[in-house]
Amino acid sequence: QAEFAKLRDVPAVTLDGTRITVLTNAGLAVDLENLDATGAEGIGLFRTEFQFMVSEELPRLNSQTALYTLVLDTAGDRPVTFRTLDIGGDKVLPYLETEREENPALGRRAIRLGLDRPGLLRLQLRALLTAAAGRELRVMFPMIATVDEFRAARELVDVECAWAKRRGRALPALLRVGAMIECPSLLWHLDALLPLTDFVSVGTNDLFQYMFAADRTNPLVSDRYDPLSPPALRALAEIQKKCADTGTPVSVCGELAGRPLEAFALLTLGFTRLSAPAGGVGPVKRMILSADLTAARRGMANLLGSSAGSIRGELESLARKLNV
Ligand code: PYR
């Protein structure tokens with residue numbers, strides 16, 4: 001821990017000079033102390049559903065606005081990306097009437113619920129716009145499976161902006177709207193999606209759950225497939241390349257980004273923005289400071305061609321050989 005504290009204010013630059021942005025994930029006011037404690041450069045994923053999950057009733061506009069204001073005040077110049085409500089499916093709220101679903105991970109979660117109940121999503125967007133008046137607002141939508149869903153969600157942002165304008169309210173000085181990439185369907189529609197987004201963030205937990213068709217809450221199957229495998233890493237490489245080609249800022253905010261070996265793999269694929277759980281920020285930063293990506297990329301290119309189900313061992317050897 002003392003070692004990581006020393007790294008707090010050290011910029012995350014690889015040995016061969018690539019600047020990496022290390023952000024952290026948060027969801028409640030108590031998580032905000034992790035920003036200063038870890039030296040994370042901002043919040044890459046603020047999970048707004050946590051406030052809803054710890055409330056006895058639907059948080060009112062005022063309390064949503066108060067939380068988002070506190071988050072932005074605390075973060076100061078550091079960017080914060082708010083993810084709109086990711087509830088439904090297994091995350092049920094007792095005060096919100098929802099239907100029982102046989103297969104909740106594939107059910108009406110997240111943006112699906114938000115689009116079916118636009119009043120709920122609009123209230124949240126109103127709170128975000130109010131909290132961010134005069135400053136930067138970054139908002140992203142979870143579980144987008146089609147370009148139309150993103151378009152519809154983005155339209156609600158426009159509707160709320162128009163509403164605020166009509167009332168003479170100050171709007172954010174800068175508004176960026178993004179999509180989470182966690183449904184595999186988007187991999188074959190990035191050419192259509194990316195021009196509509198200001199940024200994207202890859203939610204690797206869900207993306208791999210859906211790619212491998214393995215429920216990540218079911219211990220019988222959750223560890224059966226390794227994210228450090230050619231199909232998973234090739235999917236990520238494809239996303240990174242399409243984003244680079246279109247100049248779309250991209251980050252990775254799944255658990256993967258917080259584990260040094262996995263984060264090393266992400267860097268070799270070209271990702272430069274990672275949002276890690278607070279405990280992962282120090283270890284990932286230490287890895288970054290010791291990594292030579294030029295050498296690592298050559299090794300990774302070979303591993304991606306492997307027919308193995310997991311290349312974890314090979315990647316460990318590569319990291320060891322390069323003293324990462
Ligand atoms: C995911 O990885 O699926 C997240 O939602 C972070």
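Since the model is a prediction, treat every value here as computed from it, not as a measurement. Read the numbers this way: they start at 1 and go in the same order the structure lists the ligands and their atoms.
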### Summary
Those residues at least two apart in sequence (or on a different chain) that pass ring-ring contact (aromatic ring centres under 6.0 Å, His included) with Tyr225 are Phe212
### Message
Does the structure place the NZ or CZ of Arg286 under 6.0 Å from the centre of the six-membered ring of Phe4, at an angle of no more than 45° from the ring's axis?
### Response
no
## Note on the structure
Sorted by chain and residue number, the side-chain hydrogen bond (donor to acceptor under 3.5 Å, both in side chains) partners of Arg151 (sequence neighbours excluded) come out as Asp148
Tabulate distances under 3.5 Å between N/O atoms of ligand 1 and N/O atoms of the protein, writing both atom names on each line.
from     : atom 1 : to     : atom 2 : distance (Å)
ligand 1 : 2 (O)  : Thr204 : N      : 3.1
ligand 1 : 2 (O)  : Asn205 : N      : 2.8
ligand 1 : 2 (O)  : Asn205 : ND2    : 3.2
ligand 1 : 3 (O)  : Glu182 : OE1    : 3.3
ligand 1 : 3 (O)  : Asp206 : N      : 2.9
ligand 1 : 3 (O)  : Asp206 : OD2    : 3.3
ligand 1 : 5 (O)  : Arg83  : NH1    : 2.9

### Message
For Glu101, is there an ion pair with Arg109 - N to carboxylate O distance below 4.0 angstrom?
### Response
no
### Message
Is it the case that over 12 heavy atoms from other parts of the model lie below 6.0 angstrom from the CG atom of Asp223?
### Response
no
Table please: side-chain donor-acceptor pairs of residues 183-197 below 3.5 Å, with sequence neighbours left out.
from   : atom 1 : to     : atom 2 : distance (Å)
Ser185 : OG     : Ala145 : O      : 2.6
Thr197 : OG1    : Leu194 : O      : 3.0

